[in-house]
Colleague: 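What follows is a structure written as structure tokens; I'll ask about it next.
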Amino acid sequence: MLDTQYQAKNHESQIYKLWLEHDCFNPDSQINQELRKNLKNEEESFSVIMPPPNANDPLHVGHAMFVSIEDIMVRFARMQGKDTVWIPGTDHAGIETQFVFEKKLKKDGQSRFNFDRDTLFKMIWDYVGENSAIAVDQIKKLGASADWGRYKFTLDQDIVKTVLETFVKMNEDGLVYRTNRLVNFCPKCGTAFSNLEVDHKEQSTSLYYIKYGPFVLATTRPETKFGDTGLAVNPNDKRYQQYIGQEVEVDGLNGKFKLKVIADDFVDMEFGTGVVKITPYHDFNDFAAWQRHKNELPEPIQIVDFEGRLTEAAGKYAHLKVAVAREQVAKDLEEKGLLVKVEKNYHNNLSVCYRCGNPIEPLPLPQFYIKVKGLTEAVVKKLDQGEIKVFGAGHDKILRHWLETLEDWNISRQIVWGIRLPIWYEIDQNQNAMITFVDEQKQRISGKLGDLLKKHSIKSIKNGLQNISAEIGAKYLVSQENPGEKYLQETDTFDTWFSSSQWPFVTLINNKPGDFDRFYPTTTMETAYDILMFWVMRMLMMGIYKTGKTPFKNVYLHGLIRDSKGQKMSKSKGNVVNPMDISEKYGTDALRMALVIRSSAGLDKSVSDGDFKAARNLSNKLWNASRFILITKAEKKEEQAKNCQNDELFSKKLQEIAKEITKNLNALQIGVAADTLYNEFWHWFCDQCIEESKKGLINQELMFNGLQVFLKLLHPFMPFVTEAIWQELVKEKIVDEKVLASSAWPK
RNA sequence: GAGCCCGUAGCUCAGUUGGUUAGAGCGCUUCAUUGACAUUGAAGAGGUCAGAGGUUCGAGUCCUCUCGGGCUCACCA
């Protein structure tokens, strides 16, 4: 007999073990094959690819949300007898992981510059290996019915091979190019980022009005003046007509110099004095202006380096950090009488690194890019044809907007932890490439390849290699295989999203034989809306490019989980809900139900302790209703055949509920389905029907059937408690199906 | 500046082809309780569905505008 209260802790791990023993999550298992055969639904496949969490991160409530929603979809499909698979995996999470690892290095008094890249990669590999079980274990604790036999990691050899194949194909199709352009560079993280990875923070700064020959101009970045290559005014600005096309002499901190004045529409006559200095290598607008006026202006000058310090080109200000140099320059300008005025408390947006929060420097760096126009157009076409359905409060419109405005994708990252670009530089042809490596004495050495080779062997350079910076326009080879001794491989790694954008097909191609044809295109991609453009959009682009088909038919975007007051959860606010704590305290079913009930695609959801308690109470209610029905069933055997007054009503309503839940789940109305189940089970089945059955108005056996139906309907939402009860029924030999997880969905 | 989303009970939120008397959880009031469950049951209070206008036999739901809140993108050097 059942206990009077359901104690989740006493059941959950055993139940999960039971599912694994019956191989319930594997579409090829006997139990699932039999189910499909019985339901005659063998043809229809249902596949979900799990958004791979960072391999070494503990889960947060967002992960619990995705596990809950995806598991509901998957369990529902499986019980309907569809050929169902949910493929789990973890992500190496390039910059995120390297960032964490570098913090650890710092604690040990080390830095990444002390190691050659192979050694560093191995160290991070081991570190991730030690921690990678965390995420996987926790996903299991959340009840995920994923097929662990098909688990993949983004750096698995076979995965990497396919990812590289895609890149080689893209290169052959002319979609890859290398160019010197301004990139968003984080000097702290030491790598470039795509536009999507840059945050904007409002700051209060000073606007400096500086004398430039006959002009005064306003700038927030006086320290970049050594990189000026021209001045610009609006072509319609009457004040400056006579200067357009002229050279003006400017008195600067490092002596006098000349700047040409150009006319360009991008200059706002209203702002400042209507005169702008053109500093192409340190400002995106200026770089664009320079490109438009290339034949009128000299070559740009780089005066900030990749560590955020001024270069030799800044004369006596060389080696100063940007912020320090700004103060110094302003002070010197003032002393020389070149500073006209300073507007304090000027507000503008500063670009900051999404990862570390430090200012992003626009810097010139030759990088590899992917042409996106053809890729995005193909996605738009599929959207137009209705081949992709997006569930999530207007995010389909946002997706479209992004697809229409996306710029070429910078895929180079200056980090070690990732998939290295299959780009090769022939040594003789690249004598001017800048190389950094660690020699046998652990000394860090930089210089031109040609010069270094005079003192060092190519072997020791290769062994200790940290970084290659090939010239603009350098010749290179794209090849998955090492083309030979005479080549050096590019040191940049792919943007993490380059590999994860291929996740739906690489996980299937490199899995059990036949999986790709069997499960691709996948049915539904489920993830948080905040990575719509990072991930979902790019999966669509890459999936269609590589396979000709959309990688998934549906996109379900869940919202962010917020605290009881609707505030974002953050460590500093101390309002973070740890899913594992909730699971421990109230049970995993309660956690899942509380997250999912009344949730709506694309909209955020608040949860509080009360919500978890309410859901916990539901699991207990389920337990006790079952207990009662089992007791009466045993006691009143003789009454089982008797017809009662409300039998017909009961059966009809029960069927209606099953139909409605099925309809809701098919339409991905998960929050509504959960809410309906909650109310129908509690307030109709328990409060009403059980009471009526006590009075002899509903037949006992019918009540038992009703219980089975509710256990099945609730199973995707609350898999543990429903299975725990079901196993009691199995023990009593009053049901045929051995495992609820692989039982038939009610009709 | 552009786009998107939201505004429904004291609080947090559901309400998807427009259709009886608008729902849930928590909170509140009163009562009940040895055939399961106090992690319970019954009854109840609480809503001009932000506001205005429109379409319609009928609007929380569709359209327009206004106000309020949030998010994202782009930013003026």
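In the text below, chain A, chain B and the rest are named by the order of the sequence lines, each starting its count at 1. Since this is a predicted model, take the numbers as computed values, not measurements.
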Colleague: Decide whether A:Asn620 and A:Tyr586 meet the rule of one side-chain donor and one side-chain acceptor closer than 3.5 Å.
Modeller: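 No, no side-chain donor-acceptor contact under 3.5 Å.
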Colleague: Using a 3.5 Å distance criterion without hydrogens, assess whether the side chain of A:Gln727 forms a donor-acceptor pair with backbone atoms of A:Ala724.
Modeller: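 Not confirmed, A:Gln727 side chain does not pair with A:Ala724 backbone.
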Colleague: When the P atoms of B:rG15 and B:rU8 are considered, how many whole Å apart are they?
Modeller: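 Here B:rG15 and B:rU8 have their P atoms 13 Å from each other.
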Colleague: Does the side chain of A:Asn345 pick up a donor-acceptor pair with the side chain of A:Ser204 at under 3.5 Å?
Modeller: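 Short answer, yes.
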Colleague: In whole angstrom, give me the gap between the P atoms of B:rG60 and B:rA9.
Modeller: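 It works out to 15 Å between them.
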Colleague: For residues A:Asn184 and A:Asn195, is any side-chain donor paired with an opposing acceptor at under 3.5 Å?
Modeller: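 Their side chains do contain a donor-acceptor pair, which is all the 3.5 Å distance test asks for.
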Colleague: Whole angstroms only, please: what is the CG-P distance between A:Asp611 and B:rA14?
Modeller: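 That distance rounds to 12 Å.
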Colleague: Measure the distance from CG on A:Leu196 to P on B:rC73 and round it to the nearest whole Å.
Modeller: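 For the pair A:Leu196 CG and B:rC73 P, the rounded distance is 8 Å.
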Colleague: Tabulate below the donor-acceptor pairs under 3.5 Å that side-chain atoms of residues 268-275 of chain A make, not counting sequence neighbours, or state none.
Modeller:
from     : atom 1 : to       : atom 2 : distance (Å)
A:Asp268 : OD1    : A:Glu270 : N      : 2.9
A:Thr273 : OG1    : A:Val216 : O      : 2.4

Colleague: What is the separation between atom NE2 on A:His395 and atom P on B:rC5, rounded to the nearest whole Å?
Modeller: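 Atom-to-atom, A:His395 to B:rC5, this comes out as 9 Å.
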Colleague: Looking only at side-chain atoms of A:Asn617, point me to the closest of B:rG15, B:rG35, B:rU40.
Modeller: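 Ranking B:rG15, B:rG35, B:rU40 by closest atom to the A:Asn617 side chain puts B:rU40 first.
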Colleague: With rounding to whole Å, what would you report as the distance between B:rG25 and B:rU21 at their C1' atoms?
Modeller: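 It comes out at 22 Å once rounded to the nearest Å.
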Colleague: What's the closest nucleotide to the side chain of A:Arg598 if the choices are B:rG25, B:rG35, B:rC6?
Modeller: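 Closest nucleotide to the A:Arg598 side chain: B:rG25.
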Colleague: What's the CD-P distance between A:Glu223 and B:rA77, to the nearest Å?
Modeller: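 Going from A:Glu223 (CD) to B:rA77 (P), I get 13 Å.
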Colleague: Using whole Å, report how far CZ of A:Phe612 lies from C1' of B:rU12.
Modeller: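 That distance rounds to 13 Å.
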Colleague: To the nearest angstrom, how far is A:Lys605 atom NZ from B:rC6 atom P?
Modeller: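 Distance, rounded to whole Å: 16 Å.
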Colleague: Measure the distance from CG on A:Asp687 to P on B:rC37 and round it to the nearest whole Å.
Modeller: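 These atoms are roughly 15 Å apart.
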Colleague: What's the gap between B:rA22 and B:rC65 when it is taken at their C1' atoms, as a whole Å value?
Modeller: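 Taking atom C1' in both B:rA22 and B:rC65, they lie 26 Å apart.
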Colleague: Apply side chain to side chain contact (heavy atoms under 4.5 Å, CB included) to A:Thr224 and A:Asp283, showing your working.
Modeller: CA-CA 9 Å; A:Thr224 62; A:Asp283 182 282; over 6 Å; no
Colleague: Can you tell me the distance, in whole Å, between the OH atom of A:Tyr529 and the C1' atom of B:rG70?
Modeller: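 To the nearest whole Å, that distance equals 9 Å.
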Colleague: Taking B:rC62 as the reference, what is the distance to B:rG18 when you measure between their C1' atoms (whole Å, please)?
Modeller: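 So the two C1' atoms sit 8 Å from each other.
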Colleague: Among residues 396-406 of chain A, which contact RNA chain B at a heavy-atom distance under 4.0 Å?
Modeller: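 The answer is A:Lys397, A:Ile398, A:Trp402.
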Colleague: Within less than 4.0 Å of OP1 or OP2 of B:rA74, is there a side-chain N or O belonging to A:His200?
Modeller: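 So the side chain of A:His200 is within the cut-off, an N or O lying under 4.0 Å from OP1 or OP2 of B:rA74.
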Colleague: So, A:Phe650 versus A:Trp684, ring centres under 6.0 angstrom or not?
Modeller: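 Under 6.0 Å, so yes.
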